[in-house]
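Computed from a predicted structure; not experimentally measured.
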Amino acid sequence: MSDFCQKNISKLELFLQQNDHFVVTTHNNPDGDALGSSTAFCYFLHQMGKTCTLVLPDAPPESLSFLFYGDEPFSYFSLTDKALEAEQTILSAGALVCLDFNGLHRTKCGEFIRKATCPKLLIDHHLDPERENFDIVLSQTQISSACECVYQALMALPQISNQAELLPARTAYALMTGMTTDTNNFANSVYPSTLRMASALLEAGVDRDDIIQKIYFRYRENRLRAQGYILNEKLKISPEGVAYVVLSRAEMEKFDLQEGETEGFVNIPLSLDKVCMSILIREYPDRYRVSIRSKKGTSANMWARMCFNGGGHENASGGNLDRTLFADASQVEEYVKSAIAQFFAS
Ligand code: 5GP
Ligand code: MN
């Protein structure tokens, strides 16, 4: 049975009616879907006359700063900037809205969320949500994005009753943005419902040209140069058709690659016929961050869980490697080679 049944929508309705002070939060290193769904929800709460604070585990990347206007009717900050305030805000919330993650391990705010005693709502599209940690769970995995989940939840509320034009304009814009980034601009995870949502939001007046301009036509030159370097010097392809790139801290610094500026790189090798899966690993001060994408028939999710302490979706997953286990990036490459062998042996 779908979580988006009338019984759960009624619970959502009560949750929204009975509380006044909301805290909205999402996953670490928030991406377009995380920030789109979170800001969309905050604007909706504001329209309902509620107060709301958006607590992000990490600051938004510059590439998505267009989702913030500077005159928000809600406050927002990140745990990395204000750890104590994040804890206090979450612990004193009247109600918590958690978006675009399936478990508390996906957010640095996890322990605070666990400790909070207020009602908690989860709206998400990842496999296996931790239902025990939330009072209401609206989870759907056969869907494009958390933004589409939020869209469906809001559209089902009586005050909207399927009229997208009744959503706040910035909610509609943010939902279209997150759905666009999570589908890689309608390349993956597109369902009939996704196109219906896009169509309704366009009809409601969302300026999709503006969104496309802001997401895909605003990069800095360094990103393009780094892309050239990666494709020419770094990309390796295993006989099994796994493309892999390990980027060291020094290389990221050489190209001044900021958070969000490597977005999309992991998809590029999938354009080759012989490639079934692509992995990009970036060195961070405390860990190696792993991004995996695969074509239908190869499970990025399984590989992420098996070898990279992660998970995600069937064809788009991520994870982490402990940095202290590797002397340098070349050792990580060796690990990737063994992980490829392990995956194809299983
Ligand atoms: P990305 O490559 O864009 O960072 O992540 C792609 C997807 O992988 C995310 O939407 C998320 O579902 C999943 N993911 C990323 N990092 C992790 C992680 O550390 N653990 C788990 N379980 N999933 C992750
Ligand atoms: Mn998402």
Side-chain angles (χ1 to χ4, degrees), residues 9-27 30 32-57 59-60 64-79 81-82 85-86 88-101 109 113 116 118-124 135-136 138 145-179 197 200-201 204-207 210-211 214:
I9 296 301
S10 300
K11 281 194 203 169
L12 170 67
E13 216 184 315
L14 273 182
F15 171 87
L16 295 174
Q17 269 169 14
Q18 291 179 341
N19 297 290
D20 290 314
H21 305 291
F22 291 81
V23 171
V24 176
T25 189
T26 184
H27 62 73
D33 193 30
L35 293 170
S37 55
S38 304
T39 57
F41 213 95
C42 290
Y43 279 110
F44 187 78
L45 288 169
H46 173 70
Q47 175 167 285
M48 285 188 74
K50 310 291 180 176
T51 65
C52 130
T53 304
L54 172 57
V55 179
L56 299 166
L64 293 166
S65 59
F66 69 92
L67 285 170
F68 296 89
Y69 299 79
D71 63 354
E72 277 68 25
F74 54 87
S75 59
Y76 67 93
F77 61 90
S78 69
L79 177 143
D81 289 338
K82 298 178 181 177
E85 201 170 327
Q88 285 165 352
T89 305
I90 291 172
L91 292 182
S92 61
L96 263 174
V97 179
C98 299
L99 302 170
D100 197 26
F101 64 85
C109 300
I113 298 172
C118 65
K120 298 167 198 171
L121 162 71
L122 175 71
I123 305 183
D124 181 46
D135 300 285
I136 308 174
L138 298 176
S145 53
C147 277
E148 191 181 333
C149 291
V150 168
Y151 170 81
Q152 290 192 5
L154 300 185
M155 291 291 272
L157 291 171
Q159 66 263 44
I160 302 297
S161 59
N162 285 315
Q163 299 167 87
E165 66 278 13
L166 298 183
L167 294 170
R170 287 182 184 179
T171 292
Y173 182 95
L175 292 178
M176 183 80 110
T177 301
M179 179 270 282
M197 162 183 173
L201 291 178
V206 168
D207 186 348
D210 183 66
I211 291 172
K214 300 246 165 75

Compare every heavy atom of [Y] with every heavy atom of [X], then report the nearest pair and how far apart it is.
X      : Y      : result
Thr89  : Phe77  : OG1-CZ, 3.5 Å
Leu99  : Ser38  : CD1-CA, 3.6 Å
Asn19  : Lys50  : O-NZ, 2.9 Å
Ala116 : Ile90  : CB-O, 3.8 Å
Ala200 : Ala164 : O-CB, 3.8 Å
Leu64  : Leu35  : CD1-CD1, 3.7 Å

To the closest 0.5 Å, what do you measure between [atom1] ([X]) and [atom2] ([Y])?
X      : Y      : atom1 : atom2 : result
Leu12  : Leu121 : CG    : CG    : 6.0 Å
Asp20  : Cys52  : CG    : SG    : 12.5 Å
Leu138 : Leu122 : CG    : CG    : 8.0 Å
Met155 : Met197 : CE    : CE    : 9.5 Å
Glu148 : Ile123 : CD    : CD1   : 13.0 Å
Leu167 : Ile160 : CG    : CD1   : 4.5 Å

Within the distance-only criterion (no hydrogens, no angle test), does the side chain of [X] pair as donor or acceptor with the backbone N or O of [Y] below 3.5 angstrom?
X      : Y      : result
Asp100 : Thr26  : no
Asp33  : Cys147 : yes
Ser78  : Leu56  : no

State which residue, out of Tyr43, Phe41, Tyr69, fulfils the ring-ring contact (aromatic ring centres under 6.0 Å, His included) condition with Phe74.
->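 The residue from Tyr43, Phe41, Tyr69 that satisfies ring-ring contact (aromatic ring centres under 6.0 Å, His included) with Phe74 turns out to be Tyr43.
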
Side-chain contact, heavy-atom cut-off 4.5 Å: [X] with [Y]?
X     : Y      : value
Phe66 : Asp210 : no
Gln47 : Gln159 : no
Cys98 : Lys120 : no
Leu67 : Pro60  : no

Would Phe68 and Tyr76 count as a close aromatic pair, with their ring centres under 6.0 Å?
->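 Yes, they do, as the ring centres are separated by less than 6.0 Å.
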
Centroid-to-centroid, Phe44 to Phe22, below 6.0 Å?
->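 Ring centroids of Phe44 and Phe22 are no less than 6.0 Å from each other.
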
CA sep, side-chain torsions, deciding dist, call: Thr177, Thr39, side-chain contact (heavy atoms from CB on, under 4.5 Å) | CA-CA 11 Å; Thr177 301; Thr39 57; over 6 Å; no

May I ask you to decide whether Asp207 forms a salt bridge with Lys214, counting only side-chain N to carboxylate O separations under 4.0 Å?
->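 Looking at Asp207 and Lys214, the cut-off is not met.
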
